[in-house]
Amino acid sequence: MYQVDIRNLRVKLNGKDILKDINISFQSPSLYFILGRNGSGKSTLLRAIANLIPFDGEIVINDRDIRDYERKELSRLIGYVWQNPLYGFFEETVEREIKFILRNLGLKDSAFQKIVDFFNISHLLHRSPFTLSGGEAKRVSISSVIVADQPILLFDEPESEMDLDGLERIIDYMKSNASKKLLIVATHNPLIAYKVRNSVREIYLLSSGRVVRKISPSQLEDSELLESIGIVPIDWWYK
Ligand SMILES: Nc1ncnc2c1ncn2[C@@H]1O[C@H](COP(=O)(O)OP(=O)(O)OP(=O)(O)O)[C@@H](O)[C@H]1O
Ligand SMILES: [Mg+2]
């Protein structure tokens with residue numbers, strides 16, 4: 001089991017304070033959401049947890065600061081799915097893209113076919129990842145990370161670009177892994193959290209780089225609360 005403790009986390013990028021004094025503890029196995037408007041700092045927070053950007057304060061996994069892990073050791077532990085899939089792609093084919101992490105971490109290919117079938121991307125394997133449609137790229141990007149079966153997974157807006165089939169697959173993945181892994185999902189869209197609410201442990205509301213509140217899944221129905229931090233409430237669409 002894993003415990004991720006974020007203590008007094010501050011991130012400054014190009015002279016601007018982006019994250020200000022974040023304190024959160026995540027425990028596995030669980031599914032958590034980080035909810036916040038555009039620019040509130042969600043992606044920055046996930047990037048800090050994946051040790052992709054410099055930060056002040058501490059991010060500790062099982063009592064060891066993430067900056068003290070070897071890069072490969074941390075990659076075996078944490079998977080990070082980029083909000084924009086194109087940031088993560090660099091191989092010539094989808095097949096190579098998905099297999100890269102397996103080769104790099106010295107893992108067996110056994111999960112490859114399972115993931116390809118699960119995300120329904122076998123027809124894309126010989127394509128260049130850079131020529132894919134938005135939703136296809138999202139499926140490949142998620143597959144290229146979770147194929148390594150890491151115990152801690154960070155998803156940045158996984159529902160964006162997804163059609164009905166794509167949403168059902170990602171929701172299925174979240175529901176069936178919430179009791180096995182530590183899943184942290186960042187989004188500006190409360191609908192996805194609401195859809196999997198029975199599997200969600202806690203939701204952190206982020207606003208201007210601060211955690212302003214920790215809420216339970218039932219509070220996702222509080223439109224006034226969500227509107228107060230610039231989130232589109234669930235009932236906004238059909239009002
Ligand atoms: N390298 C950088 N230099 C300056 N500002 C940055 C840098 N990276 C991010 N920011 C700013 O930090 C803030 C938080 O960005 P972040 O990407 O974490 O937001 P977000 O909550 O993920 O937003 P979105 O919902 O649009 O994905 C934004 O105002 C962004 O413009
Ligand atoms: Mg973002």
Side-chain angles (χ1 to χ4, degrees), residues 4 6-24 26 31-59 66-67 78-89 132-135 137-146 152-162 166-167 170-171 173-174 182-196 200 202-215 219-220 223 225-234 236-237:
V4 178
I6 302 177
R7 299 184 194 127
N8 307 320
L9 172 69
R10 290 179 304 282
V11 173
K12 204 180 198 130
L13 296 171
N14 286 329
K16 197 177 152 213
D17 290 319
I18 310 288
L19 295 180
K20 305 153 190 165
D21 209 24
I22 306 265
N23 288 279
I24 306 179
F26 298 110
L31 169 59
Y32 294 90
F33 274 81
I34 312 284
L35 197 57
R37 72 192 306 169
N38 295 147
S40 57
K42 306 178 296 294
S43 297
T44 307
L45 176 57
L46 294 191
R47 271 176 226 159
I49 299 171
N51 200 21
L52 296 172
I53 51 170
F55 59 85
D56 289 322
E58 280 183 303
I59 301 179
I66 57 167
R67 290 162 294 196
I78 302 185
Y80 169 59
V81 182
W82 292 86
Q83 178 171 0
N84 182 343
L86 296 181
Y87 290 169
F89 293 155
L132 301 175
S133 75
K138 199 82 190 184
R139 287 167 187 253
V140 169
S141 156
I142 295 172
S143 304
S144 71
V145 174
I146 67 176
I152 302 172
L153 287 166
L154 314 175
F155 291 106
D156 203 344
E157 314 256 355
E159 79 288 359
S160 69
E161 315 253 20
M162 288 294 201
L167 278 178
I170 186 73
I171 284 168
Y173 186 86
M174 284 184 206
L182 171 54
L183 306 177
I184 306 172
V185 181
T187 183
H188 64 281
N189 182 357
L191 278 170
I192 186 76
Y194 191 72
K195 195 73 188 165
V196 294
V200 176
E202 276 159 355
I203 299 153
Y204 289 87
L205 303 185
L206 205 60
S207 182
S208 303
R210 291 182 197 279
V211 173
V212 290
R213 219 159 139 177
K214 180 167 82 173
I215 65 169
Q219 290 173 287
L220 287 167
S223 301
L225 172 62
L226 297 195
E227 260 174 54
S228 72
I229 59 156
I231 296 290
V232 180
I234 287 167
W236 182 86
W237 289 100

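All ligand and atom numbering here is 1-based and tracks the order in the structure.
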Considering distance alone, does some N or O of [X] sit under 3.5 Å from an N or O of ligand 1?
X	result
T44	yes
G36	no
K42	yes

Please find the pair of heavy atoms, one from [X] and one from [Y], that lie closest to each other, and give the distance.
X	Y	result
L35	I229	O-CD1, 4.3 Å
V145	G79	CG1-CA, 3.6 Å
L220	P190	CD2-CB, 4.1 Å

Between N23 and N8, is there a donor-acceptor pair closer than 3.5 Å when you use the side chain of the first and the backbone of the second?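 Flag set: sc N23 to bb N8 pair under 3.5 Å.
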So does S208 get a backbone contact from the side chain of K20, meaning a donor-acceptor N/O pair under 3.5 Å?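 Yes, because the side chain of K20 sits within donor-acceptor range (under 3.5 Å) of the backbone of S208.
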Answer yes or no for H188: is there a heavy-atom contact with ligand 1 below 4.0 Å?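 No heavy atom of H188 comes that close to ligand 1.
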Hey, is R37 one of the residues with a heavy atom under 4.0 angstrom from ligand 1? yes
Under 4.0 Å to a heavy atom of [X] - the qualifying atoms of ligand 1, by number:
X	answer
G39	13 (C), 14 (C), 19 (O), 20 (P), 21 (O), 23 (O), 24 (P), 26 (O), 28 (C), 29 (O)
Q83	27 (O)
S40	19 (O), 21 (O)

Could you check F89, F155, Y87 and say which one makes a ring pair (Phe, Tyr, Trp, His ring centres under 6.0 Å) with W82? Y87
From the Mg ion (ligand 2) out to just under 2.8 Å, does an N/O/S atom of S43 turn up? yes
Tell me, please, if N38 has any N/O/S atom, main chain or side chain, under 2.8 Å from the Mg ion (ligand 2)? no
Protein heavy atom at shortest distance from [atom]:
atom	value
atom 26 (O) of ligand 1	N38 ND2, 3.3 Å
atom 8 (N) of ligand 1	L13 CD1, 3.4 Å
atom 3 (N) of ligand 1	N14 ND2, 2.9 Å
atom 29 (O) of ligand 1	K16 NZ, 3.3 Å

Are there protein heavy-atom neighbours of atom 13 (C) of ligand 1 below 4.0 Å?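 Yes, at least one protein heavy atom sits under 4.0 Å from atom 13 (C) of ligand 1.
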Under 4.0 Å from atom 16 (P) of ligand 1, is there at least one protein heavy atom?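 Within 4.0 Å of atom 16 (P) of ligand 1, protein heavy atoms are found.
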More than 12 heavy atoms from other groups under 6.0 Å of CZ on R37: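 12 or below, so no.
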Got a second to check how far R139's CZ is from L132's CG, nearest 0.5 Å?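 Answer rounded to 0.5 Å: 11.5 Å.
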Check I18 against ligand 1 and report side chain, backbone, both or neither, counting heavy atoms closer than 4.0 Å.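 Side chain only; the backbone of I18 stays clear of ligand 1.
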M174 vs I170, side-chain contact (heavy atoms from CB on, under 4.5 Å): CA-CA, chis, key distance, verdict: CA-CA 6 Å; M174 284 184 206; I170 186 73; 3.8 Å; yes
Just to verify, which of Q83, K138, H188 counts as forming a side chain to side chain donor-acceptor pair (under 3.5 Å) with S160?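 Testing S160 for a side chain to side chain donor-acceptor pair (under 3.5 Å) against Q83, K138, H188 leaves exactly one candidate, K138.
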Residues V81, L153; criterion side-chain contact (heavy atoms from CB on, under 4.5 Å); working and verdict: CA-CA 8 Å; V81 182; L153 287 166; 5.8 Å; no
